[in-house]
Asker: 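One structure coming up, written as structure tokens, with questions to follow.
By convention here, the first residue in the shown sequence is residue 1.
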Amino acid sequence: MDWQMVKELLKRLTATYTQDSIRVITYNREIFPLILRFEDNERSADLYHAIIRLYEQLMSERVEMGWKISKSGS
């Protein structure tokens, strides 16, 4: 499992889903709980796969809606 890649995915999700009030709802409900688990040093297969699945799901929705993804990583 590539935890450095997961960390980068969480950074991208944070940058993308904190840009406006509509996306912040998704951030608070879906992304933030996973970040808490990651920052609490959980390194389970369940968490790893949950982050990957959520990233893929949200990014595919983003493409469908035409949202621009932030690549700043901050």
Asker: Rounded to the nearest 0.5 Å, what separation is found between the CG atom of L34 and the CG atom of L9?
Answerer: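 The CG atom of L34 sits 11.5 Å away from the CG atom of L9.
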Asker: Are L36 and I52 grouped together when hydrophobic residues (ILVMFWY) are joined by side-chain heavy atoms under 4.5 angstrom apart?
Answerer: yes
Asker: Do Q19 side-chain atoms and A15 backbone N/O form a donor-acceptor pair below 3.5 Å?
Answerer: yes
Asker: Which residue in the set N28, T26, I25 passes side-chain contact (heavy atoms from CB on, under 4.5 Å) when paired with Y17?
Answerer: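 When side-chain contact (heavy atoms from CB on, under 4.5 Å) is applied between Y17 and each of N28, T26, I25, only T26 qualifies.
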Asker: Can M5 be reached from L58 by stepping across I, L, V, M, F, W or Y side chains whose heavy atoms are under 4.5 Å apart?
Answerer: yes
Asker: Got a sec, which residues hit side-chain contact (heavy atoms from CB on, under 4.5 Å) with Q57, two or more places apart in sequence or on another chain?
Answerer: L54, E61
Asker: Drop me the distance from Y55's OH to S60's OG, to the nearest 0.5 angstrom.
Answerer: 11.0 Å
Asker: Are M1 and L47 grouped together when hydrophobic residues (ILVMFWY) are joined by side-chain heavy atoms under 4.5 angstrom apart?
Answerer: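 Linked, M1 and L47 end up in one cluster.
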Asker: Residues two or more places apart in sequence or in another chain: which of them pass side-chain contact (heavy atoms from CB on, under 4.5 Å) with R53?
Answerer: H49, A50
Asker: Could you work out, with side-chain contact (heavy atoms from CB on, under 4.5 Å) as the rule, every residue matching I35, not counting sequence neighbours?
Answerer: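 side-chain contact (heavy atoms from CB on, under 4.5 Å) list for I35, sorted by chain: L10, T14, Y27, I31, E39.
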Asker: Is the closest side-chain heavy-atom distance between E8 and V6 below 4.5 Å?
Answerer: no
Asker: Can you list everything that forms a side chain to side chain donor-acceptor pair (under 3.5 Å) with R37? Sequence neighbours excluded, please.
Answerer: E42, D46
Asker: I need the T18 OG1 to R23 CZ distance, nearest 0.5 Å.
Answerer: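 One finds 9.0 Å between OG1 of T18 and CZ of R23.
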Asker: Using the test ring pair (Phe, Tyr, Trp, His ring centres under 6.0 Å), find all partners of Y48 that sit at least two apart in sequence or belong to another chain.
Answerer: W3
Asker: Rounded to the nearest 0.5 Å, what separation is found between the CD atom of E30 and the CG atom of L13?
Answerer: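 That separation rounds to 10.5 Å.
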